[in-house]
> 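Sharing a structure below in structure tokens format, with a few things to ask.
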Amino acid sequence: MASKLLSALTAALGPRQAANELRWFQQHTTSTSDLAEMVQRRVAGEPLQYILGPSTLFLFILVLNSILGSQPFGPLNLLARPPVLIPRPETEHWVIKLAERIPASPESPKRLLDLGTGSGCIPLLLCHLLPQGSLRACGVDISERALRLATDNAELCSTPTEARAGHKNTFMATNGNILSPSFSADAKINPPYDIVTSNPPYIPWDEYLHLPRSVSAYEDPKALFGGPDVLSFYHAIASLVRKNGFLRPGAIIALEVGHKQAQDVEQIMRIEAHMHDVEIWSDPWGKHRTVVAHL
């Protein structure tokens, strides 16, 4: 039985990865039928994080750490549940860099708004990296499942809501649609903000059609596909932040962008958002990944 399962995994993943994953699955269950089902799901392309599930994610993290020597998202251990977007290393890279640029202190705490928060990875990593008591973060998403996951991750990371803050950084998740004209009222956000971050949907349709099945078949298309106008979310963000009183003096905006979109988003920030100090950051693979604007 095990040899057949290993052969199936090897055909899909290669021999080394197949052997590792079969061992993880065997550590997860003693049921032959459950083991066969897990292998079948993995061979079909389902992400490993979803198969192991939140109840066994810590096992996955421990095994992954022993092999790769790294954490899933910076120093944080984040839960992953379908169909919420799984945090990516390119996002982790720019968030860590952003943390180094934020002059936060408990004496002058910053207020952050994360648009399309998903798992909460961006604000929660910033809450972890910045001095405690220096950040009040709010994550907004249209998906209730994303909001539940972000809230669970905040609890996992021991990041409290503002009502229970004490001297710690805080995070809260709220429902809202950035493309809605009534977004500010619906999401119950409370400007002004010092930091606005977003990893919005930005993948064009022709690229979406060619995504690996492990992505397109399991992760929420609303978190991936940028719509007929793939820049619509950036236009909406620009319209939001240019409102009088929405940003504090010295505010910073950091937006993840897709392939060949950086220059267009840079212009949106300059012309529509009225931001004059705009730069483009590359990811570790040399791709233009983040547009960062300063008020």
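Note that the coordinates shown come from a computational prediction; the quantities given were computed from them, not determined experimentally.
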> More than 12 foreign heavy atoms under 6.0 Å from CD of Gln40: is that the case here?
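For Gln40, atom CD is not crowded (no more than 12 foreign heavy atoms under 6.0 Å).
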
> Just so I know, are the side chains of Leu112 and Arg136 near enough to count as touching, which here means a heavy-atom distance under 4.5 Å?
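They are not in side-chain contact.
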
> Do Ile189 and Phe246 pass the side chain to side chain contact (heavy atoms under 4.5 Å, CB included) test, and can you show the C-alpha distance, the side-chain angles, and the key distance before you say yes or no?
CA-CA 10 Å; Ile189 59 175; Phe246 193 87; 3.8 Å; yes

> Nearest heavy-atom pair of His288 and Ser282: which atoms, and what distance?
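His288 and Ser282 have their closest heavy atoms at CD2-OG, 3.3 Å.
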
> Quick one: does Ser143's side chain have a donor or acceptor within less than 3.5 Å of a partner on Ala146's backbone?
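Yes, the answer is positive, given that a donor and an acceptor are paired below the 3.5 Å cut-off.
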
> Hey, does the side chain of Asp141 reach the backbone of Thr117 with a donor-acceptor pair shorter than 3.5 angstrom?
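It does hold such a pair.
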
> Would you say the side-chain atoms of Thr197 and Asp114 include a donor-acceptor pair closer than 3.5 Å?
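Checked: Thr197/Asp114 side chains pair up, N/O donor to acceptor below 3.5 Å.
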
> Side chains of Pro123 and Leu135, heavy atoms from C-beta outward: is any pair under 4.5 Å?
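SC-SC contact between Pro123 and Leu135 ruled out.
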
> Charged N to carboxylate O below 4.0 Å: is that the case for Lys97 and Glu92?
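Looking at Glu92 together with Lys97, the answer is no, because their closest N to O distance does not fall below 4.0 Å.
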
> Go through it in stages, so that I can follow the logic: the residues are Asp283 and Thr91, the test is side chain to side chain contact (heavy atoms under 4.5 Å, CB included), and I'd like the CA-CA distance, side-chain angles, deciding distance and then a yes or no.
CA-CA 8 Å; Asp283 65 20; Thr91 306; over 6 Å; no

> Any side-chain heavy-atom pair from Ile122 and Leu124 closer than 4.5 angstrom?
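A side-chain contact under 4.5 Å is absent here.
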
> Any chance you could measure Leu240, atom CG, to His235, atom NE2, to the nearest 0.5 Å?
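Result: 14.5 Å between the selected atoms.
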
> Heavy-atom distance under 4.5 Å between the side chains of Trp281 and His93, does that happen here?
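Result no, sub-4.5 Å side-chain heavy-atom pair not found.
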
> If you look at every heavy atom in Pro87 and Phe73, which pair is closest and at what distance?
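Shortest heavy-atom contact: CB-CD1, 3.5 Å.
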
> Do you know the tightest heavy-atom contact between Ile268 and Ala238?
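Where Ile268 meets Ala238 most closely, the heavy atoms are CG2-CB, 3.7 Å.
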
> Is a side-chain donor or acceptor of Ser134 paired with a backbone partner of Leu130 at a separation under 3.5 angstrom?
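Checking the backbone N and O of Leu130 against the side chain of Ser134, no donor-acceptor pair under 3.5 Å is found.
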
> Are Leu125 and Met172 in one and the same hydrophobic cluster, where Ile, Leu, Val, Met, Phe, Trp and Tyr link if side-chain heavy atoms are under 4.5 Å apart?
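No, it is not one cluster - the side chains of Leu125 and Met172 are not joined through contacts under 4.5 Å.
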
> Say whether His294 and Glu279, considering side chains only, have a donor N or O and an acceptor N or O under 3.5 Å apart.
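The criterion, which ignores hydrogens and geometry beyond distance, is satisfied for Glu279 and His294.
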
> Under a 4.0 Å N-O cut-off, is there an ion pair linking Arg42 with Glu46?
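Salt bridge: no.
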
> Less than 3.5 Å apart, any donor N or O on the side chain of Ser31 or Ser33 sitting next to an acceptor on the other?
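Yes, side-chain donor-acceptor contact under 3.5 Å.
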
> Do Glu272 and Ser239 have side-chain N/O donor and acceptor atoms under 3.5 Å apart?
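Absent: no donor and acceptor within the cut-off.
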
> So Val39 and Leu22, do their side chains get closer than 4.5 Å, heavy atoms only?
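Side-chain contact under 4.5 Å: yes.
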
> Are Val84 and Leu147 co-members of a hydrophobic cluster defined by side-chain heavy atoms under 4.5 Å apart?
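Each belongs to a different hydrophobic cluster.
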
> Same cluster or not: Leu9 versus Ile51, using hydrophobic residues (I, L, V, M, F, W, Y) connected whenever any side-chain heavy atoms lie under 4.5 Å apart?
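Yes, Leu9 and Ile51 fall within the same hydrophobic cluster.
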
> Look up atom CD in Gln267 and atom OH in Tyr234, then write down how far apart they are to the nearest 0.5 Å.
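If I round to the nearest 0.5 Å, the distance is 15.0 Å.
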
> Answer with yes or no whether the hydrophobic clustering places Ile96 together with Phe171; edges join I, L, V, M, F, W, Y residues whose side-chain heavy atoms lie under 4.5 Å apart.
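Same cluster.
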
> Strictly below 4.0 Å, N to O, side chains only: are Asp194 and Arg111 in salt-bridge contact?
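Looking at Arg111 together with Asp194, the answer is no, because their closest N to O distance does not fall below 4.0 Å.
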
> Could you go through the side chain to side chain contact (heavy atoms under 4.5 Å, CB included) check for Asp186 and Asn177 one step at a time?
CA-CA 8 Å; Asp186 295 342; Asn177 178 5; over 6 Å; no

> Minimum heavy-atom separation for Leu98 to Ala254, with atom names?
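The pair with the smallest heavy-atom distance is CD2-CB, 3.9 Å.
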
> Would you please say whether a donor-acceptor pair under 3.5 Å links the side chains of Glu256 and Trp94?
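Indeed, the side chains of Glu256 and Trp94 share at least one donor-acceptor pair under 3.5 Å.
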
> To the nearest 0.5 Å, how far apart are CE in Met275 and CZ in Arg242?
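The CE atom of Met275 sits 13.0 Å away from the CZ atom of Arg242.
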
> Which heavy atom of Pro192 sits nearest to which heavy atom of Gly245, and what is that distance?
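Reported closest heavy-atom pair: CB-O, 3.3 Å.
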
> In Å, rounded to the nearest 0.5 Å, how long is the span from CG of Asn153 to OG of Ser119?
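These two atoms lie 6.0 Å from each other.
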
> Please report the interatomic distance CD(Gln132) to NE2(His167), rounded to the nearest 0.5 Å.
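Gln132 atom CD to His167 atom NE2 measures 11.5 Å (nearest 0.5 Å).
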
> Is the backbone N or O of Ala187 less than 3.5 Å from a side-chain atom of Thr174, with the two atoms forming a donor-acceptor pair by type?
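Yes, Thr174 side chain to Ala187 backbone: donor-acceptor pair under 3.5 Å.
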
> Are Pro191 and Arg248 side-chain neighbours, meaning at least one heavy-atom pair lies under 4.5 Å?
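Result no, sub-4.5 Å side-chain heavy-atom pair not found.
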
> Would you say that Thr170 contacts Cys127 through its side chain, given a criterion of any heavy-atom pair below 4.5 Å between the two side chains?
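No, side chains not in contact.
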
> Taking atom NE2 of His259 as the centre, report whether more than 12 heavy atoms of other residues, nucleotides or ligands fall under 6.0 Å from it.
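For His259, atom NE2 is not crowded (no more than 12 foreign heavy atoms under 6.0 Å).
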
> Do side-chain atoms of Lys168 reach the backbone of Ser158 as a donor and acceptor pair under 3.5 angstrom?
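Here the side-chain-to-backbone pair exists.
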
> Could you grab the distance from atom CG of Leu5 to atom CD of Gln26, nearest 0.5 Å is fine?
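The distance works out to 8.0 Å.
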
> Within the side chain of Asn169, is there an N or O that forms a donor-acceptor pair under 3.5 Å with the backbone of Gly133?
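Looks like yes, one N/O pair under 3.5 Å.
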
> On a heavy-atom basis, which atom in Lys110 and which in Pro103 lie closest, and how many Å separate them?
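Scanning both residues, the minimum pair turns out to be CE-O, 3.4 Å.
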
> Is there a donor-acceptor pair under 3.5 Å between the side chain of Asp152 and the backbone N or O of Leu79?
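It does not hold such a pair.
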
> When Leu255 is tested against each of Val292, Asn199, Leu115, Ile237 for side-chain contact (heavy atoms from CB on, under 4.5 Å), which residue passes?
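With Leu255 as partner, side-chain contact (heavy atoms from CB on, under 4.5 Å) holds for just one option, Ile237.
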
> Report whether Ile280 and Val278 are members of the same hydrophobic cluster (ILVMFWY, side-chain heavy atoms less than 4.5 Å apart, transitive linking).
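Both belong to a single hydrophobic cluster.
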
> Kindly determine whether Val241 and Ile253 satisfy side chain to side chain contact (heavy atoms under 4.5 Å, CB included), including the steps that lead there.
CA-CA 9 Å; Val241 301; Ile253 300 172; 3.7 Å; yes

> Tell me, do His128 and Pro75 make a side-chain contact under 4.5 Å, heavy atoms counted?
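A side-chain contact exists here, since the closest heavy-atom pair is under 4.5 Å.
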
